[in-house]
Every structure is written in C-alpha cells, then in structure tokens.
Visitor: 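Here it is, the structure, as structure tokens.
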Amino acid sequence: MVPNHNKYIPALGNERLTPFYDHQLLQLFMRESTFKRCLVEKAGIERSSRVLDIGCGTATLTILIKKVHPEADVTGLDGDPEILKMAKKKIINAGLDIKLDQGMSFELPYPDSSFDRVVSSLVFHHLTRENKVRTINEIFRILSPGGELHLADFGKPHNALMYLISLVFRHLEETKENIEGLLPGMFQEAGFEEAKETARFMTVFGTLSLYRARKP
Ligand SMILES: C[S@@+](CC[C@H](N)C(=O)[O-])C[C@H]1O[C@@H](n2cnc3c(N)ncnc32)[C@H](O)[C@@H]1O
C-alpha cells in the first residue's frame, strides 16, 4: 500500500460526527475546561503575544485564550473547513477578534518566526509519527526565538487505571508516541529545549498530559 503522507483524521474520527464535537458528554469525559484552563495558565501569554492554536476545532481553547488575554493577537488554524464554520459562529457570538485559517499542521501557511506561542490541544493523537515530526519542525520554524509550544494530548499512563485504559488505544498508529511518552524527546530532536510534561490529568480515555517546549 502507498503511504499517505498527508493523512488527515477529523475531530471525532468521522466527518459525519463533527457537528457533535461540542457535546457536553465529551467535555465531561475529557475534563475539557480543567485542562484547557491549565494550559492557558502555563502558556505565559503576554499582552503583545502572537498566539497560534493548531487544530483549533470549534475554537473552544482559542476563545478562552482571547478572553483571558484580550490584547494578544490570536489565530486558530484547522484542516477542516466544516469545523472552522462552527468555530467562526462561536467567535462571532462571543464578539471576539480572532483570525481563523484553514491549513495543515505539517505545512503551516506562515513565514518563519510568526508567533510567540503555539498551543495545540488533542491534535497530536490524530497524526502519524511522520506527520508529528513534520508538524513539530513546522512549529519550530514559525515560532520566534524564545517562543514556546504548549501542547495538551494523551500521554504516558501515570497510574494502573490509566495503564489499563491505554491498552485499548496503544495499538493505534497515531497514539503510539503519545502513550509511550515520546513527545518531549521528539520536541528536543527538532531543536526545542526544556521540553517536558508540565501537568497530567485522569480522563475516561486515559492520561491527558500537558507539555511545554521552548525554541532557543
Ligand atoms: C479532537 S479535535 C480537537 C479540537 C480542539 N483543539 C479542541 O481541543 O477541542 C482535533 C482537531 O484537529 C484537526 N486536525 C487534525 N489533523 C490536523 C492537521 N494535520 N492539521 C490541522 N488540523 C488538524 C481536526 O480537524 C480537529 O478539528
């Protein structure tokens, strides 16, 4: 079989499920507001920061960032035009000034050093190893020196219950590096420094980790 280098998985694995992405149950299962608030706190965003949310989906995190940091210049990017329509409605309803772009994480449509912070939530487990590497290299390229990546995604199980849950998901090609705890090492290989896990949460689908990495 010919490998598909640009393999793309929509928000809930199937485009017909996309309209249900903001369902309350999903938010409950993933402890969404808890981990997203924590991610925003850890991101150290400043008034003048240029912030990119990669795989912004319906823009829940993007909107939270703009509400907490109204002076920051916030952009959301996603590969799916349908989910971007949902994001746009939410942003208009919230009366916020947030730019939305359609694009792929592994071919970011921005010049070098365009952002001071890159955030991304629940996107890396959609990417093959090859596309994780391409995406990390792209993030490194578009961050300014001293800029930081703050990522939330499934991580290495941190207790017996989370380990048991991981047995269901660890065979999936896209979740392997997450569950084996390889992401910080992959950030370092791309040139990032101080790459580390900064927090972790128990969820119905396994350990959810927050990571930080800094471009020298
Ligand atoms: C599970 S959703 C997470 C959405 C949002 N970040 C959140 O935390 O609610 C994953 C999102 O990543 C997007 N996505 C997946 N692969 C992508 C890629 N390679 N480039 C850009 N967006 C991608 C999907 O379209 C989807 O909106």
Side-chain angles (χ1 to χ4, degrees), residues 3-40 42-43 51-67 74-91 94 98-110 115 117-139 141-142 149-155 169 172-175 177-178 186 199 201 203-206 208-211:
N4 177 3
H5 299 294
N6 292 338
K7 183 173 179 184
Y8 170 72
I9 302 175
L12 288 176
N14 182 314
E15 59 200 25
R16 276 176 291 190
L17 297 177
T18 299
F20 303 103
Y21 188 73
D22 275 339
H23 195 282
Q24 244 359 79
L25 272 182
L26 272 178
Q27 302 195 20
L28 195 66
F29 288 160
M30 288 308 301
R31 303 178 61 194
E32 185 186 27
S33 52
T34 308
F35 85 76
K36 286 185 177 166
R37 283 197 174 280
C38 186
L39 185 75
V40 175
K42 290 193 181 291
V51 185
L52 175 66
D53 180 6
I54 294 184
C56 64
T58 59
T60 309
L61 175 64
T62 338
I63 288 172
L64 177 63
I65 291 170
K66 188 67 184 175
K67 281 185 172 165
V74 182
T75 302
L77 171 129
D78 202 283
D80 180 351
E82 292 309 310
I83 210 154
L84 284 174
K85 285 183 196 159
M86 295 168 69
K88 191 170 180 190
K89 269 192 201 152
K90 280 171 67 175
I91 290 168
I98 295 173
K99 187 169 174 249
L100 289 177
D101 291 323
Q102 189 187 339
M104 301 305 282
S105 62
F106 39 75
E107 289 169 355
L108 292 173
Y110 307 108
F115 293 94
R117 294 288 182 275
V118 169
V119 300
S120 189
S121 147
L122 298 175
V123 178
F124 266 57
H125 73 281
H126 285 235
L127 306 177
T128 59
R129 185 185 180 102
E130 180 194 350
N131 284 338
K132 282 187 181 76
V133 172
R134 290 169 74 195
T135 297
I136 295 166
N137 286 334
E138 276 291 85
I139 294 172
R141 180 183 68 75
I142 59 135
L149 163 65
H150 288 264
L151 189 89
D153 214 318
F154 297 109
F169 299 107
L172 297 173
E173 183 190 358
E174 288 80 11
T175 53
E177 295 82 20
N178 291 62
M186 293 173 77
F201 302 86
T203 80
V204 172
F205 298 109
L208 189 289
S209 297
L210 302 191
Y211 298 102

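Just so you know, ligand 1 is whichever comes first in the structure, and atom 1 is the first atom listed for that ligand. Just so you know, residue 1 is the first one in the sequence shown, and it goes up from there. Heavy atoms only: backbone and side chains are in, while hydrogens, waters and symmetry mates are out.
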Visitor: Examine D78 against ligand 1 and note whether any of their N/O atoms are separated by less than 3.5 Å.
Guide: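 Min N/O separation from ligand 1 is below 3.5 Å for D78.
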Visitor: Would you check whether S105 has a nitrogen or oxygen atom less than 3.5 angstrom from a nitrogen or oxygen atom of ligand 1?
Guide: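 Looking only at distances, the answer is yes, because the N/O contact criterion of under 3.5 Å is met.
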Visitor: What do you reckon, does G55 have a nitrogen or oxygen under 3.5 Å from a nitrogen or oxygen of ligand 1?
Guide: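 Yes, there is a polar N/O contact under 3.5 Å.
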Visitor: Geometry only, no angles: is K36 polar-contacting ligand 1 at N/O separations under 3.5 Å?
Guide: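 N/O-N/O distance below 3.5 Å exists for this pair.
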Visitor: Should V40 and L61 count as side-chain neighbours, where that means a heavy-atom distance under 4.5 Å?
Guide: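 Side-chain contact under 4.5 Å: yes.
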Visitor: Tell me which part of S120 gets within contact of ligand 1: side chain, backbone, both or neither, using heavy atoms under 4.0 Å.
Guide: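 Under 4.0 Å from ligand 1, S120 contributes no heavy atoms.
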Visitor: At a 4.0 Å threshold, what atoms of ligand 1 neighbour a non-hydrogen atom of C56?
Guide: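 Every atom of ligand 1 under 4.0 Å from some heavy atom of C56: 5 (C), 6 (N).
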Visitor: Which atoms form the tightest heavy-atom contact between F124 and I136, and what is the distance?
Guide: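 Smallest interatomic distance, heavy atoms only, reads CE2-CG1, 3.6 Å.
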Visitor: Can you tell me how far apart CZ (F106) and OG1 (T128) are? Round to the nearest 0.5 Å.
Guide: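 OG1 of T128 is found 7.5 Å from CZ of F106.
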Visitor: Do ligand 1 and H125 have nitrogen or oxygen atoms that lie under 3.5 Å from each other?
Guide: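 No: no nitrogen or oxygen of H125 is under 3.5 Å from one in ligand 1.
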Visitor: Looking at ligand 1, would L61 count as a contact under a 4.0 Å heavy-atom criterion?
Guide: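 Contact check L61 vs ligand 1: negative.
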Visitor: Can you figure out which of T128, T135, L77, V123 has its heavy atom closest to atom 12 (O) of ligand 1?
Guide: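 Among T128, T135, L77, V123, the closest heavy atom to atom 12 (O) of ligand 1 belongs to V123.
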Visitor: Going by distance only, is there an N or O of G79 that falls short of 3.5 Å from an N or O of ligand 1?
Guide: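 There is such a contact, yes.
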Visitor: Considering only heavy atoms of I83, which atoms of ligand 1 have at least one such atom less than 4.0 Å away?
Guide: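 Checking each atom against I83, I get 27 (O).
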Visitor: For the residue pair N131 and R134, confirm or rule out a side-chain donor-acceptor distance under 3.5 Å.
Guide: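 Result is yes, a qualifying pair exists.
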Visitor: What distance do L108 atom CG and L52 atom CG have between them, rounded to the nearest 0.5 Å?
Guide: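 Atom-to-atom, L108:CG and L52:CG are 6.5 Å apart.
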Visitor: Just jot down the ligand 1 atoms closer than 4.0 angstrom to any heavy atom of G57, in number order.
Guide: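 Numbered from 1, ligand 1 contributes 4 (C), 27 (O).
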Visitor: Between the side chains of K90 and T60, does any donor sit under 3.5 Å from an acceptor?
Guide: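 Side chains of K90 and T60: pair found under 3.5 Å.
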Visitor: Could you point out which residue of V118, D53, D101 forms a side chain to side chain contact (heavy atoms under 4.5 Å, CB included) with T75?
Guide: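 When side chain to side chain contact (heavy atoms under 4.5 Å, CB included) is applied between T75 and each of V118, D53, D101, only D101 qualifies.
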Visitor: Quick one: side-chain contact (heavy atoms from CB on, under 4.5 Å) partners of S105, sequence neighbours excluded?
Guide: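 Counting only residues at least two positions away or on another chain, S105 forms a side-chain contact (heavy atoms from CB on, under 4.5 Å) with I54, L127, T135.
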Visitor: So which bit of M104 gets within less than 4.0 Å of ligand 1, heavy atoms only: side chain, backbone, both or neither?
Guide: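 Contact part for M104 vs ligand 1: both backbone and side chain.
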Visitor: Could you list the residues that satisfy side-chain contact (heavy atoms from CB on, under 4.5 Å) with K88, not counting sequence neighbours?
Guide: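 Counting only residues at least two positions away or on another chain, K88 forms a side-chain contact (heavy atoms from CB on, under 4.5 Å) with I92, L100.
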Visitor: Is the shortest distance from a heavy atom of G103 to ligand 1 less than 4.0 Å?
Guide: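 A heavy atom of G103 does come that close to ligand 1.
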Visitor: Please could you name the atoms of ligand 1 that L127 approaches to less than 4.0 Å, counting only its heavy atoms?
Guide: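 In order of number, 19 (N).
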Visitor: Would you please classify the geometry between the Y110 ring and the F115 ring as parallel, tilted or perpendicular, with 30° and 60° separating the classes?
Guide: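 Judged by the thresholds at 30° and 60°, the geometry between F115 and Y110 is perpendicular.
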Visitor: Considering only heavy atoms of D80, which atoms of ligand 1 have at least one such atom less than 4.0 Å away?
Guide: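 Within the 4.0 Å cut-off of D80, ligand 1 contributes 25 (O).
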Visitor: In terms of atom number and element, which parts of ligand 1 are under 4.0 angstrom from non-hydrogen atoms of F106?
Guide: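 Selected atoms, number and element: 19 (N).
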Visitor: If you look at every heavy atom in D78 and G57, which pair is closest and at what distance?
Guide: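 Where D78 meets G57 most closely, the heavy atoms are OD2-N, 2.8 Å.
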